[in-house]
Student: 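Below is one structure. I have some questions about it.
This one's a predicted model, so the numbers in the text were calculated from it and none came from an experiment. Every chain is numbered from 1 and lettered A, B, ... according to where its sequence line falls, protein lines coming before strand lines.
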Amino acid sequence: MSIQEIEKRWQKRWFEERIFEAEPGDKEKFFITVPYPYLNGNLHVGHTRTFVIGDVLARYHRMIGYNVLFPMAFHVTGTPLVGLSELIRNRDERTIKVYNELHKIPKDILFDLNTPEKLVNYFKGESEIALSDMGCSIDWRRKFTTMDPPYKKFIRWQFGKLKSKGLIARGSHPVRWCPNCKNPVEDHDLLRGEGANIIDYTLIKFSLDGYILPCATLRPETVFGVTNLWVNPGVTYLIAKIGEEEWVIGERAFEKLSHTDKHPEKIGEIEGRELIGRYARNSMNEEEVIVLPATFVDPNEGSGIVMSVPAHAPYDYLALRDLKDGRGDYDLPKEISDLILKIEPIKLIDLPRYGNFPALTVIDELKVKDQMDPKAEKATKIVYKREFHDGILNEVTGRYEGYKVSEVKEIIAKEMLKEGKADIFHELSEPVTCRCGTECVVKLVEDQWFLTYSKKEWKDKVLDCLSSMKIIPAEYRKEFENKVDWLKDKACARRRGLGTRLPWDKDWLIESLADSTIYMAYYILSKYIHEGRIKEEELDDQFFDYVLLGIGEQKNDLHKEIRDEFEYWYPVDLRSSGKDLVPNHLLFFLFHHVAIFPRRYWPRAIAVNGFVSLEGEKMSKSKGPLFTMREAIDEYGADVTRFYILGNSEHIQDADWRSSRVKDAKRALERFYVLAEDIIQRSKGSRENQKDLSKQDRWILHRIQMRIKEVREAMENIQTRRALQNAFYLILNDIKWYRKRGENPKVLLDVLDLWVRLLTPFIPHICEEIWSRMNGGPQNFVSLARYPEVDEGKIDYSIEIEEDLLRDTIEDIREILAVTKIEPKKIVIYTVPEWKREIYETALKLKVKGALDMGSLMRTVIKDHANTRQISSFAKKMVRKVGLMGQDEVKILANSPVDEFETMKKVEDFISEEFGCKVSVFDAEFSKYDPKNKSDAAMPLRPAIYVG
RNA sequence: GCGGGGGUUGCCGAGAUUGGCCAAAGGCGCAGGACUUAAGAUCCUGUUUCAUAGGAAUACGGGGGUUCGAAUCCCCUCCCCCGCACCA
């Protein structure tokens, strides 16, 4: 029978026996969820990681005695599915190729997936099958999609709640926008400019003869040092009516502003050169500054007009110097030229070690020639950075004197904004081109609905929640806290896509991340809906209020039952997720929980895991490479896939799917299966009585206890790799050694019994198969068996130390043989003499008490010995040796006395076999044969060795 | 730029919170051996260098420091990965 057939068989039995369908009960509950997948493709091995981690945790908790709820649903809201169905309908070549070749959808089926609904249906089916085939112990009665009508009612209720709590507000916000497509653009919609940010410039208004000359700047604080304005004399500027004001701006700036709430109206034109020589008023200090020509002014950037701060801006300094030097063909009247010569930079920022005018200092350092020199750009960056971090405003800035630039910059901008002296101008940090080829702009979306995540009270509540939560791995706690701090208000409504309409404004659809924040609660309701016990019509706000919040009166017994079930399962005990969801979904998950639910229903823990790459390459749903869950199962089997992914990496590290390694994993599991079968067969034929435990028997039982301890500890920390290392490889190695030393088939069967249960959460199918063979048929499921617990009675460190003594001695002999290249004819082993043993043990006991030193050791030891010299020399060594040991080790050694001679005497034959020669063991004190006086070298746990 | 995570012996990857059980777990690869007609699988052994007695030297991105002792602590430095939003 193939692996896949075995797996199928057990999946079928699990399903038929409904063993993963969770109902409230007396047992303590454990509610674990992982994010539902977004259905715009087939599940791949990347998803597998998150799901399988979830499943392993679900199975583990089930086996340690919890009543576990592990549900699953599907996310479909938003624009991607709509877009995808359109592309398929239009037979878009690339899309067809991607979905046929990467997602492995047969073309005849694919061509038919031409509506979002059909896509949802298809992927929903495929995903459920894939997850079941992966052995996930999901309660499928609770599945749903986010476009199911009852779910939409739940979402509407949630948003009603948020609104009534004042957490939703209306406002406007800037987005990257394609004027041609008339849509916000996302990174994957772009030809270039993926990394572009929206930068908020301060637009400072200078007034000139009734016009406003706005200057865009990132350095509003330098407004106090303005000596003049720059315009490009060769450019035609527009005059735009904005509100009551008339602005002079570049053509491109006009267009940019037209996408904002400024709604500019063109009322005229003016040539740049007409502005030259005229005076504009700086409203911050009421100074009049002259307008001058400069060629570096780019009419496409900012407003097309630049304020000049030569002391702190290299371009300005250079342009001014160029003018003074008479460079540039501007034809300026003499009186203006004379004025220019009189313009002196105004220093407003003190910057140590950068002289009077930092701009000049850096210009000289970099040897920038003039305003057209490319190095001017670099100089600008240097000055900006240095002044931002270390600059302090001086008396020129009036009441801002003494503040650091970094701390006062925002404040100045805000104040100017408030006083109407400035505006905000959004600009992209780099050029952005849409896929359609159009240059993108920043659009201010108006009348948008926002979730007001920036509210301090809301954030505080989240931080409060976070502080009582378990975050795994612990390093991520800081990341979460930072992200809470960083989160701003978030637009929560969209025009396009699948989704739920805002209850109070039907023009808007609820954004698809916002509809996926507290859906874990819905799993409890969805069972009743799925079973047809409750109808969609019943799902009104009163219903949700009652079952989810306990508000109002119960309408009937069923509602009470649902409420009880909710109270039983909630809160979520663990949400396990990929690390990509930390700054969005997981954050919103917390925000919405604290907003909607009382404290006792706040989530208890979040675990974060890394991704899966493919042969070292990042996977991509849309570009490849991609390896689907289906393919993994068909090619390697579910257990192999699980085993590989869980064992490949820990926590937030990324796992790498390498087919050669996966094949190794497959071999390892086959080995396990064969070994288990062998153990079962042998135990049947064995007449050995299991009561007489040999040393080796006790050793393997002891070792298993150690492994159980490790595995349980690892699982508590969600360290699947560590758990598997112990539960699989290390136990395997122990068993190998045990068999080599002489096995008791009955004991081995007991070990197997523990071993199989230990591995069940990870590789459930193969374990069920072995389990059923051990128990003479499938009467019970190992999936429901008790997870092994540490049996303190079987822990015996002495045995372990004895076995290590043997192993270490063998190793030493090997080393000697390797160095001397002797073909051994005989090996003699001299175990430590009593008197050394005594000193050693005394040293251990003293160390436990924390009183180990030469004096105390000698005092304790010396009284009944004659040869003080020999004793003190050895005692000195022991003080050193034991002194360096850790407290844990010392305690174990002190409490686990070992009779070395007895121990070694018993393994004479074993060692003899190992080296193919005669082996004798003597007590060093009473050795009858010692040709090279080796016995003197015998030390505690390190016998002397003679090889001849 | 800001924030987070990393750089370990051929590769993957433990170890780092609590400095010494660390030449550094485990796996893979490679080499030798056993088994076998052979191959594969399996099992055993080895896998930095030097060493005719279980030892020593050199090693954990680079440099410096603390310490009797550092992969682990501190400082400086180089390099890599991820996120920075209205998108799932």
Student: Name every residue in residues 577-586 of chain A that has at least one heavy atom under 4.0 Å from any atom of RNA chain B, in order of residue number, or write none if there are no such residues.
Tutor: A:Pro583, A:Asn584

Student: Would you kindly give the CE-to-C1' distance between A:Met939 and B:G55, to the nearest whole Å?
Tutor: 14 Å

Student: If we ignore hydrogens and angles and just use 3.5 Å, is the side chain of A:Lys459 paired with the main-chain N or O of A:Leu487 as donor and acceptor?
Tutor: yes

Student: Tell me what A:Ala944 touches on the nucleic acid: a base, only sugar-phosphate, or nothing, going by heavy atoms under 4.0 Å.
Tutor: base

Student: Which residue lies toward the 5' end of RNA chain B, A:Ile945 or A:Pro80, if each is placed at its nearest nucleotide?
Tutor: A:Ile945

Student: Using whole Å, report how far CD of A:Glu615 lies from C1' of B:C12.
Tutor: 13 Å

Student: Any idea which of B:A14, B:C21, B:G54 is nearest the A:Glu889 side chain?
Tutor: B:C21

Student: Look at all strands and tell whether A:Lys740 reaches a base, only sugar-phosphate, or nothing, counting heavy atoms closer than 4.0 Å.
Tutor: sugar-phosphate

Student: When we call it a touch if two heavy atoms are under 4.0 Å apart, what does A:Gln653 touch: a base, just sugar-phosphate, or nothing?
Tutor: sugar-phosphate

Student: Using nucleotides 26-28 of chain B, report all nitrogen or oxygen pairs with the protein that are shorter than 3.5 Å.
Tutor:
from  : atom 1 : to       : atom 2 : distance (Å)
B:G26 : O2'    : A:Gln725 : OE1    : 2.8
B:G26 : N2     : A:Arg721 : NH2    : 3.1
B:C28 : O3'    : A:Asp664 : OD2    : 3.4

Student: Base, sugar-phosphate alone, or nothing: which one does A:Val819 contact when heavy atoms must sit under 4.0 Å apart?
Tutor: base

Student: Can you check the A:Phe480 CZ to B:G5 P distance for me, whole Å?
Tutor: 13 Å

Student: For B:G46, what is the paired nucleotide under Watson-Crick or G-U wobble rules, both distances under 3.5 Å?
Tutor: B:C30

Student: Output the single nucleotide from B:A53, B:C86, B:G54 whose closest atom is nearest the side chain of A:Lys490.
Tutor: B:C86

Student: Under 4.0 Å from OP1 or OP2 of B:G55: is there any side-chain N or O of A:Arg942 that close?
Tutor: yes

Student: Once you apply a heavy-atom cut-off of 4.0 Å, does A:Leu487 come out as touching a base, just sugar-phosphate, or nothing?
Tutor: base

Student: Figure out the OH/C1' separation between A:Tyr840 and B:C21, and round it to whole Å.
Tutor: 11 Å

Student: Which part of the nucleic acid, if any, lies within contact of A:Val947, taking any heavy atom under 4.0 Å across all strands shown: a base, the sugar-phosphate backbone alone, or nothing?
Tutor: base

Student: So A:Thr79, base contact, sugar-phosphate only, or nothing? Heavy-atom distance under 4.0 Å.
Tutor: sugar-phosphate

Student: A:Asp489 and A:Thr452: side-chain donor and acceptor closer than 3.5 Å?
Tutor: no

Student: 5'-most contact on RNA chain B: A:Glu479 or A:Pro174, nearest heavy atom basis?
Tutor: A:Glu479

Student: Using a cut-off of 4.0 Å on non-hydrogen atoms, how would the nucleic acid contact of A:Pro37 be classed: base, sugar-phosphate, or nothing?
Tutor: nothing

Student: What contact category does A:Asp489 fall into here, base, sugar-phosphate, or nothing, at under 4.0 angstrom with non-hydrogen atoms?
Tutor: base

Student: Using a 4.0 Å heavy-atom cut-off, does A:Tyr946 contact any base of the nucleic acid, only the sugar-phosphate backbone, or nothing at all?
Tutor: base

